[in-house]
Peer 1: 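Submitted below is the structure of interest, expressed as C-alpha cells.
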Amino acid sequence: MKIADLHQRLADLGAKPIHIGRIDRAWLHGWPLDTGTRQQQAQDFLPLGVREAMPELSETVASLARLRSEHPAADGSARLLVELGDGQMVESVLLPRDGLCVSSQVGCAVGCVFCMTGKSGLLRQLGSAEIVAQVALARRFRPVKKVVFMGMGEPAHNLDNVLEAIELLGTAGGIGHKNLVFSTVGDPRVFERLPQGRVKPALALSLHSTDAERRQRLLPHAPRMDPEELVELAEAYARRTGYPIQYQWTLLEGINDSLEEMDGILRLLKGKYAVMNLIPYNSLEADDYRRPGGERIVELVRYLHGRGVLTKVRNSAGQDIDGGCGQLRARATQLARSRAPRTR
C-alpha cells in the first residue's frame, strides 16, 4: 500500500485534509488512529464515515508491519524482524540515541558480495505506507527522532515510494530533515530527484572502494559510475542542503583496507563537505570475507583523520547477535522452509 492509497480511502470516507493530517500524525507516532488533541475527542473532529470505518482502518494500518521477533543487543540497539501484510519479512533496527534503520525493499538487486540481503536478490518493492509503518511500529517501543534508509534494499531502486515516505516523515512524522538519511550506492536519479523534494534528506553514499573496477566487483549491479563522478555529484548536494555527505566504507581485510585505498580516499574527499564512516565487516562463519584487526582499524582512522578527512568507525548495530543486514530474515526463512511439510 502507498500513502496516497490510504489518503484516498480516507477522502472517500469524507475526511478532509485536516482530518487526514491528524490521522497521519497519530499513526506515525504509534498512537491509535482516532487520537485527538487534549481538548478534542474523535467524535468532535472525525467525520462519521471515518469513525464508523475506524476498526477496519486500524486493522489495515496495523497489518502493514507487524513485529515477528525482537533481538536486543548489548550496544542498546534491537533488531526487529517485521512481517508485512503478505507474509514477507524485512528488518528494522532500533538504534542507540533514538534512531531507526528501515528497509525499502524485500531483498535487493545490487548484489553486494558482502551483504546477506544481496544474496537473496530482489523479491519485491515496499510501498510507501509499508516503509513508514516501520517507524510507527518502532515508536511503540521507544522514541524515534532519526530515520536512516540503510536497511534491506537499495532506496534508489524504489525511489518514488521512498521519497513519498520521506516527505511524510519530515512533515506529519515530525522528524528533522537532516535526521532523515537516504543511503544509496549511487544512481543518477537520486541526484536529480532529491534536490526537488519538499523534504531534502541527508545523503549517505556507499563507496567501499575508490577503484572503479574493484568497486564494480564488490557492488556488481550498481550503476557504472566512477567514484570521482559520485563524489562530485554528492558534494554538490551537500553544499546545496548544508548537510555533509556520509560516505560508507565496509572494511574488508585484504580487499579495501590497503594504503592505496586510503590514499584514494584522501584524493577524493580531502576538502570536501564529508564524513567517512569506516564499517568493520560483520564476519560470519564459513564466510569469504573478514574484518581487519582492531589495531589496523585504529591505524586507518588515524591515517585519514590526520590528513584532513573526518573519519569515524561505525560498527553495525547488533553485532553480538549476528544481526547484519538480512541475516535475521535469512534465518527465519530457512527455519520456515525446514518446518514446511514435504511433498513427493
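FYI, side chains are in, hydrogens and waters are out, and symmetry mates aren't considered; it's all heavy atoms of this structure. Quick note: residue numbers are just sequence positions, from 1.
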Peer 1: Just wondering, more than 12 heavy atoms not from Leu259 lying within 6.0 Å of its CG?
Peer 2: yes
Peer 1: Are Val90 and Phe141 linked, directly or through intermediate hydrophobic residues, by side-chain heavy-atom contacts shorter than 4.5 Å (ILVMFWY only)?
Peer 2: yes
Peer 1: Could you check whether Asp226 pairs with Arg215 (Lys NZ or Arg NE/NH1/NH2 to Asp/Glu carboxylate O, under 4.0 Å)?
Peer 2: no
Peer 1: Do Leu6 and Ile23 come within less than 4.5 Å of each other through their side chains, counting heavy atoms only?
Peer 2: no
Peer 1: Is it true that the side chains of Ser77 and Asp75 contain a donor and an acceptor less than 3.5 Å apart?
Peer 2: yes
Peer 1: Considering only heavy atoms from C-beta outward, does the side chain of Glu253 approach that of Tyr289 to under 4.5 Å?
Peer 2: no
Peer 1: Does the plane of the ring in Phe45 sit parallel, tilted or perpendicular to the ring in His19? Use 30° and 60° as the thresholds.
Peer 2: parallel
Peer 1: What are the two closest heavy atoms between Gln248 and Ile279, and how far apart are they?
Peer 2: OE1-CD1, 3.5 Å
Peer 1: Between the side chains of Glu83 and Arg68, is the shortest nitrogen-to-carboxylate-oxygen separation below 4.0 Å, so that they form an ion pair?
Peer 2: yes
Peer 1: Taking Val275 as the starting point, is it possible to reach Leu278 by hopping between hydrophobic residues whose side chains are less than 4.5 Å apart?
Peer 2: no
Peer 1: Show the nearest heavy-atom pair for residues Pro292 and Asp257, with the distance to one decimal.
Peer 2: CG-OD2, 3.6 Å
Peer 1: Do Ser104 and Glu154 meet the criterion of a side-chain donor-acceptor pair at a distance under 3.5 Å?
Peer 2: no
Peer 1: Which atom pair, heavy atoms only, marks the closest approach of Pro223 to Val185?
Peer 2: CD-CG2, 4.1 Å
Peer 1: Walk me through whether Asp160 and Arg193 qualify under side chain to side chain contact (heavy atoms under 4.5 Å, CB included).
Peer 2: CA-CA 9 Å; Asp160 289 341; Arg193 295 280 302 279; 3.0 Å; yes
Peer 1: Are any of the side-chain heavy atoms of Leu67 and Arg140 separated by less than 4.5 Å?
Peer 2: no
Peer 1: Tell me whether Tyr243 shares a hydrophobic cluster with Val181, the cluster being built from Ile, Leu, Val, Met, Phe, Trp, Tyr side chains joined at under 4.5 Å.
Peer 2: no
Peer 1: Salt bridge or not between Glu299 and Arg302? Use side-chain N to carboxylate O under 4.0 Å.
Peer 2: no
Peer 1: If we ignore angles and hydrogens, is there a donor and acceptor under 3.5 Å between the side chains of Asp187 and His157?
Peer 2: no
Peer 1: Is there a path of hydrophobic side-chain contacts, each under 4.5 Å between heavy atoms of I, L, V, M, F, W or Y residues, that connects Val61 with Ile3?
Peer 2: yes
Peer 1: Restricting to non-hydrogen atoms, name the atom on Lys270 and the atom on Arg307 that form the minimum distance, rounded to 0.1 Å.
Peer 2: CE-O, 3.2 Å
Peer 1: Restricting to non-hydrogen atoms, name the atom on Ala78 and the atom on Arg142 that form the minimum distance, rounded to 0.1 Å.
Peer 2: CB-NH2, 4.2 Å
Peer 1: If you compare all heavy atoms of Leu180 against all heavy atoms of Ile166, which two are closest, and at what distance to 0.1 Å?
Peer 2: CD1-O, 3.7 Å
Peer 1: Going by side-chain hydrogen bond (donor to acceptor under 3.5 Å, both in side chains), name the residues that satisfy it together with Ser183, two or more places apart in sequence or in a different chain.
Peer 2: none
Peer 1: Tell me, please, which residues at least two apart from Ser128 pass side-chain hydrogen bond (donor to acceptor under 3.5 Å, both in side chains).
Peer 2: Glu164
Peer 1: Return yes when atom CD of Gln196 has more than 12 non-hydrogen atoms of other residues, nucleotides or ligands closer than 6.0 Å, and no otherwise.
Peer 2: yes
Peer 1: Salt bridge (Lys or Arg N to Asp or Glu O under 4.0 Å) for Glu59 and Arg66? Distances and angles first, verdict last.
Peer 2: CA-CA 11 Å; Glu59 176 57 30; Arg66 297 186 187 277; 2.4 Å; yes
Peer 1: Does Leu123 share a hydrophobic cluster with Val102, counting links as ILVMFWY side-chain heavy atoms below 4.5 Å and allowing steps through other members?
Peer 2: yes
Peer 1: List for me each residue that meets salt bridge (Lys or Arg N to Asp or Glu O under 4.0 Å) alongside Glu70, sequence neighbours excluded, and say none if there are none.
Peer 2: none
Peer 1: Below 4.0 angstrom, N of the basic side chain to O of the carboxylate: do Arg214 and Glu261 qualify?
Peer 2: yes
